Amino acid sequence: IVNEIHERFLREYGLALSVGVSPPFPLARLACDTAGPNGGKGLVRERPDDIGWQQEVNRWPVEELLCVGHATMRKLHSKYVRTIGDLVSCGASIIEEWFGKHGKVLYGYATGQDSGPIVDEEGGPPMRSIGNGSTTPYDMVKEQQVHDMTHVLASSVCQRMRQHRVAPRTVEVAVTY
């Protein structure tokens, strides 16, 4: 699946992207973030007792985990928790003791236990923002390249805004070079 998405996007839009695939959203995001520019990674269980994905994730720095910002990272590091595996080894009760409800969420993300929907179509909390970004595998030096990339990203955002029937109040554009 990862390779198919990657190749199709490159073929249809001429743009590279990072792809992450996993049944729980936090691990899909983690896979995407660690795939690198123009990379792809899947974290899936081949069988219910398969732990290969967890062994791979356990080696990664704890700050790669969704919802671990600077303050959470500092607190974890102060308790000698440097990797996702260190966090898992502490156990759910210790992490929850340190961080309260947030600790329960962190432990669930680290162990792939999040099964909640990304967006609740019926009565879920309203989306706070809709955005898109991309890191190109090369420097864009021609105006047409920048135009094409902007068009692809803006089209994706507009499509999701139409799906959710929302209009923008703020538009933000960021360019990194």
Side-chain angles (χ1 to χ4, degrees), residues 1-6 9 16-137 153 156-157 160 163-164 166 170 172 174 176:
I1 292 172
V2 172
N3 290 336
E4 182 182 332
I5 292 169
H6 199 267
F9 198 83
L17 78 159
S18 297
V19 178
V21 175
S22 185
F25 170 72
L27 290 182
R29 175 126 181 223
L30 185 59
C32 184
D33 290 348
T34 59
N38 198 25
K41 185 178 288 189
L43 296 172
V44 294
R45 289 183 172 111
E46 300 294 327
R47 321 173 293 289
D49 63 338
D50 180 16
I51 60 168
W53 68 271
Q54 185 73 55
Q55 291 171 340
E56 180 177 352
V57 169
N58 283 351
R59 294 190 301 262
W60 296 343
V62 72
E63 55 267 23
E64 294 288 341
L65 197 57
L66 187 65
C67 294
V68 174
H70 294 295
T72 302
M73 181 187 68
R74 279 194 303 272
K75 186 169 184 176
L76 288 168
H77 285 188
S78 76
K79 300 197 180 280
Y80 304 100
V81 175
R82 306 261 185 226
T83 66
I84 293 172
D86 294 340
L87 189 146
V88 171
S89 295
C90 289
S93 60
I94 296 293
I95 300 302
E96 194 169 353
E97 182 181 312
W98 292 345
F99 295 99
K101 290 179 184 178
H102 183 60
K104 186 175 184 177
V105 171
L106 286 177
Y107 189 81
Y109 286 174
T111 57
Q113 295 175 14
D114 177 64
S115 59
I118 297 172
V119 176
D120 183 358
E121 298 280 335
E122 301 295 324
M127 296 182 73
R128 295 185 340 166
S129 67
I130 296 176
N132 205 351
S134 179
T135 302
T136 60
L153 296 173
S156 171
V157 170
R160 285 183 282 148
Q163 286 173 340
H164 294 283
V166 296
T170 304
E172 180 180 335
T176 305

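Nothing here was measured: the structure is a model prediction, and the numbers come from that model.
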key: Approximate separation, where rounding is to 0.5 Å, of E63 CD and R82 CZ   = 9.0 Å

key: Minimal non-hydrogen separation, C90 against I95, with atom names   = CB-CD1, 3.7 Å

remark   = S156 and N132 have their tightest heavy-atom pair at OG-ND2, 3.1 Å

ask   = Do the side chain of D86 and the main chain of T83 share a donor and acceptor less than 3.5 angstrom apart?
value = yes

query = Side-chain contact, heavy-atom cut-off 4.5 Å: W98 with V81?
reply = yes

note = Between the CD atom in E96 and the NE2 atom in H102, the distance rounded to the nearest 0.5 Å is 12.0 Å

For Y107 against G91, the heavy-atom pair lying closest together = CE1-C, 3.6 Å

inquiry  = Measuring only between side-chain heavy atoms, which start at C-beta, is V105 closer than 4.5 Å to F99?
reply    = no

query = Under the criterion side-chain contact (heavy atoms from CB on, under 4.5 Å), which of L87, T72, L106, V88 is the partner of V62?
reply = L87

note = Nearest heavy-atom contact between I84 and P61 is CG1-O, 3.9 Å

